[in-house]
Trainee: 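Supplied in structure tokens, the structure appears directly below.
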Protein chains: 2
Amino acid sequence: MVTLREVAERAGVSIKTVSRIVNGDPAVNAKTRIAVQHHLESLNYVPNHAARMMRGGSSSVFGFMTDAVATTPYSVDIVRGAQAALNEKNQTLLIANTDGDEKLEKEYWRMFRAHRVAGVIYASMFHRPHIVGQPDFKDPIVLANCFAALGDKPSLIPDDEGGGYAQAEYLLKLGHRRIGVLTLIPDIVATTLRGAGIRQAFRDAGLSFDESLEQRGMDGPVHFERMIAFDAAVKMLSAKDRPSAIICGNDQVALQVYSAAAHLDLHIPRDLSVIGFDDQKVISENLRPSLTTVALPYFEIGRQAVETMREAKQNDANWAPKILVPCPVVERESCCAIS
Amino acid sequence: MVTLREVAERAGVSIKTVSRIVNGDPAVNAKTRIAVQHHLESLNYVPNHAARMMRGGSSSVFGFMTDAVATTPYSVDIVRGAQAALNEKNQTLLIANTDGDEKLEKEYWRMFRAHRVAGVIYASMFHRPHIVGQPDFKDPIVLANCFAALGDKPSLIPDDEGGGYAQAEYLLKLGHRRIGVLTLIPDIVATTLRGAGIRQAFRDAGLSFDESLEQRGMDGPVHFERMIAFDAAVKMLSAKDRPSAIICGNDQVALQVYSAAAHLDLHIPRDLSVIGFDDQKVISENLRPSLTTVALPYFEIGRQAVETMREAKQNDANWAPKILVPCPVVERESCCAIS
DNA sequence: ATGAAAGCGCTAACAA
DNA sequence: TTGTTAGCGCTTTCAT
């Protein structure tokens, strides 16, 4: 690899002069600059990041720790968002995927420290509280898609309550009144918040929410709701006073509602409106009719996590806002107005 | 951050002795080792990766370049597989996501060089030829899910032909003879290879393949096939001599076939068997009935890419095998035997 | 078995 | 405007 010294020798100047030019220091003669720049390019010089760091300079590398698992692929967009924001300043991500393994997580924290990362984004695959366990880690830690159980770290989370509100509001505006709800498993944050949002939308519309039309996901592991969504939907839609619309806990549940509707010969959206959550495009764009849903703003969460990280560097260690990122309705074809 | 010197001072030994212990050099007195190790832990010493690299040592960091886009989320599994393999040797990934932007890709190559990465895995989101454009990059480059157009780099690719073969073979063994095929867009490698595999399976079974039952995806951008799959499926299934089974170009196409079947009141699998490709779990596990499909071995591709990288370091620069990774059938509920 | 010294490539501080 | 010197934290080489 080409070093500063080699370039300096070729150009017949000192190392420091070359260093100045590489770093855009204005205090260099224009002629020298051009001459040196020529050599820089022809030798294809690239500064050695390790050497730069040695001089106490902070790293341009951030750590990204995630518990991603095979079944929740969309959260990659958090990475994409983070990288989009980092790229503007030539910063990069060192990625650590724990698959939920705590021992692995410890190793990765060690690795982050070995690399003297400038900060860490800790991203979870679903919205939940988390205790980030690195008491002696001095650089900022920002949580993405999860929040600090102790409230001691800044975090970016989807506005699930607003998303639930948006689902209900959207259907109410289309004139629906009997609205079924198929929730995710009850023990997660999203379920509670979205449920609260739905109820608030009914209140704001001056209507009362019929609790009997809510079918809660059974207790069980994450994604367990899909074991029962189909049956729940069939039951709900077989009733005499069946709902004219269904709010789904996520797009996978919506997929099962589609199956249930087909099973019962109900046409979507003519006989039944369906609204999902997450906007998993693999599902939402491919269902026929395509699925109106509420997007989880993963990309935006990633982008803002980086911005928040930068702010955290300016603020003291107690700065720990919990930032809600809106979940917008993505309108497609699965809902229609009723008269 | 704690340095070797601080530990050495506390322990009352030289820097070098501590260094030896950190690096597992056996040539140290057992007593000294224990004493020093105590301080190492209590001070929570972590070696400075940048400093280590300065002494010419090769980096434990690999570059991972990908063109991932929002609509193809599953390829993250390549990253997960690569990390699983790297983790055993305490190596890590610096991730660069180009979203297909060539200017960005150039910047990232520069960044990889700045970090003196030990090698680069170049992963594409769909199986295709690729020209990796870094003439002066000396460390090994391994392609994952794509292959070198010039045949000059090792690559790991899914065995699409074997996958197509497996789709057809599976249905033939269940007794199906009239088998429809809905392909992806024609211009991509996967379409050609899978088509060849399907035909080979028919030949091996001593049967002839009815070309009229193949509906090719229209020309257009990637994913364009889903614009027409629903209509194509309806047309195919409305014919008098409709097929008893359909082979789909991917799971998204299969999803549309499900919609088409529902539309025509055909019950899956009783009236129609469906087999997908990709095993996108968000779809395959949630459809009712769940979808029998052929898995794209992304995790395995990532894992083997790392192994191949290690081999490449042993071999000379001309070593460039093209390694096929099998695509196994994942049996679920969407196919059944016919009498 | 242990230590002292040199130097990796760069930048900060100072000098010319 | 340009150059010199020192030193970041570590490993390598050579001594002891």
Side-chain angles (χ1 to χ4, degrees), chain A residues 1-40 43-61 90 110-118 138-139, chain B residues 1-37 39-40 43-61 90 110-118 138:
Chain A
M1 283 275 112
V2 182
T3 67
L4 274 190
R5 207 180 55 190
E6 280 175 69
V7 179
E9 275 167 15
R10 295 249 192 160
V13 295
S14 80
I15 290 180
K16 183 60 203 175
T17 301
V18 182
S19 169
R20 283 203 177 90
I21 289 158
V22 169
N23 292 290
D25 187 328
V28 272
N29 183 297
K31 245 186 226 163
T32 330
R33 158 168 286 123
I34 290 170
V36 171
Q37 227 142 24
H38 171 73
H39 286 97
L40 244 19
L43 292 172
N44 199 3
Y45 171 80
V46 179
N48 184 325
H49 179 258
R52 279 184 157 172
M53 284 221 18
M54 297 273 307
R55 290 304 300 150
S58 93
S59 173
S60 62
V61 177
N90 273 297
R110 205 182 145 79
M111 182 271 283
F112 283 163
R113 300 185 60 198
H115 284 273
R116 306 298 191 260
V117 295
K138 292 290 178 295
D139 295 295
Chain B
M1 283 274 112
V2 182
T3 67
L4 274 190
R5 208 182 54 191
E6 280 176 68
V7 180
E9 275 166 13
R10 295 248 192 160
V13 294
S14 78
I15 289 180
K16 181 60 207 175
T17 302
V18 183
S19 168
R20 283 201 176 91
I21 288 158
V22 168
N23 292 290
D25 186 330
V28 272
N29 184 297
K31 242 187 230 165
T32 329
R33 158 168 285 122
I34 290 169
V36 172
Q37 227 142 23
H39 286 97
L40 243 20
L43 291 172
N44 198 3
Y45 171 80
V46 179
N48 184 326
H49 179 259
R52 278 183 156 172
M53 285 220 17
M54 297 270 310
R55 292 303 300 156
S58 93
S59 173
S60 62
V61 177
N90 273 298
R110 208 182 143 81
M111 182 270 283
F112 284 162
R113 299 186 61 200
H115 284 273
R116 305 299 191 261
V117 295
K138 290 293 179 294

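Naming: A, B, ... by sequence-line order, numbering from 1 per chain.
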Trainee: Find out whether R10(B) and E6(B) are in side-chain contact, i.e. whether some heavy atom of one side chain is under 4.5 Å from a heavy atom of the other.
Mentor: no
Trainee: Roughly how far, to the nearest 0.5 Å, is the OH atom of Y45(B) from the CZ atom of R113(A)?
Mentor: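 OH of Y45(B) is found 11.0 Å from CZ of R113(A).
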Trainee: Would you kindly give the NE2-to-C1' distance between H49(A) and dT11(C), to the nearest whole Å?
Mentor: 14 Å
Trainee: What is the distance from atom CG of N29(A) to atom OG1 of T17(A), rounded to the nearest 0.5 Å?
Mentor: 10.0 Å
Trainee: Distance check needed: dG9(C) P versus E9(A) CD, whole Å only.
Mentor: 12 Å
Trainee: Would one find more than 12 heavy atoms of other residues, nucleotides or ligands at under 6.0 Å from atom CZ of R33(B)?
Mentor: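 Atom CZ in R33(B) is crowded, with more than 12 foreign heavy atoms closer than 6.0 Å.
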Trainee: I want to check something: taking the side chain as every heavy atom from C-beta on, are H39(A) and V18(A) in contact at a cut-off of under 4.5 Å?
Mentor: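 With C-beta onward as the side chain, the pair stays apart.
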Trainee: Using a heavy-atom distance cut-off of less than 4.0 Å, which residues of residues 28-36 of chain A contact DNA chain C?
Mentor: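 Heavy-atom contacts with DNA chain C come from no residue of residues 28-36 of chain A; none.
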Trainee: Can you find a pair of side-chain heavy atoms, one from V61(A) and one from H115(B), that are under 4.5 Å apart?
Mentor: yes
Trainee: If we ignore hydrogens and angles and just use 3.5 Å, is the side chain of R55(B) paired with the main-chain N or O of R52(B) as donor and acceptor?
Mentor: no
Trainee: Tell me, for nucleotides 6-15 of chain D in 5' to 3' order, what letter each nucleotide earns: B for a base near a protein heavy atom under 4.0 Å, S for only sugar-phosphate near one, - for neither?
Mentor: -BBBBBB---
Trainee: Can you tell me if T17(A) touches the phosphate of dG3(D), counting only side-chain N or O atoms and a distance under 4.0 Å to OP1 or OP2?
Mentor: yes
Trainee: Separation of D25(A) atom CG from dT11(C) atom P, in whole Å?
Mentor: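 My rounded result for the distance is 11 Å.
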Trainee: Mind jotting down which residue pairs meet the salt bridge (Lys or Arg N to Asp or Glu O under 4.0 Å) criterion with at least one end in residues 11-30 of chain A? Sequence neighbours excluded, please.
Mentor: R20(A)-D25(A)
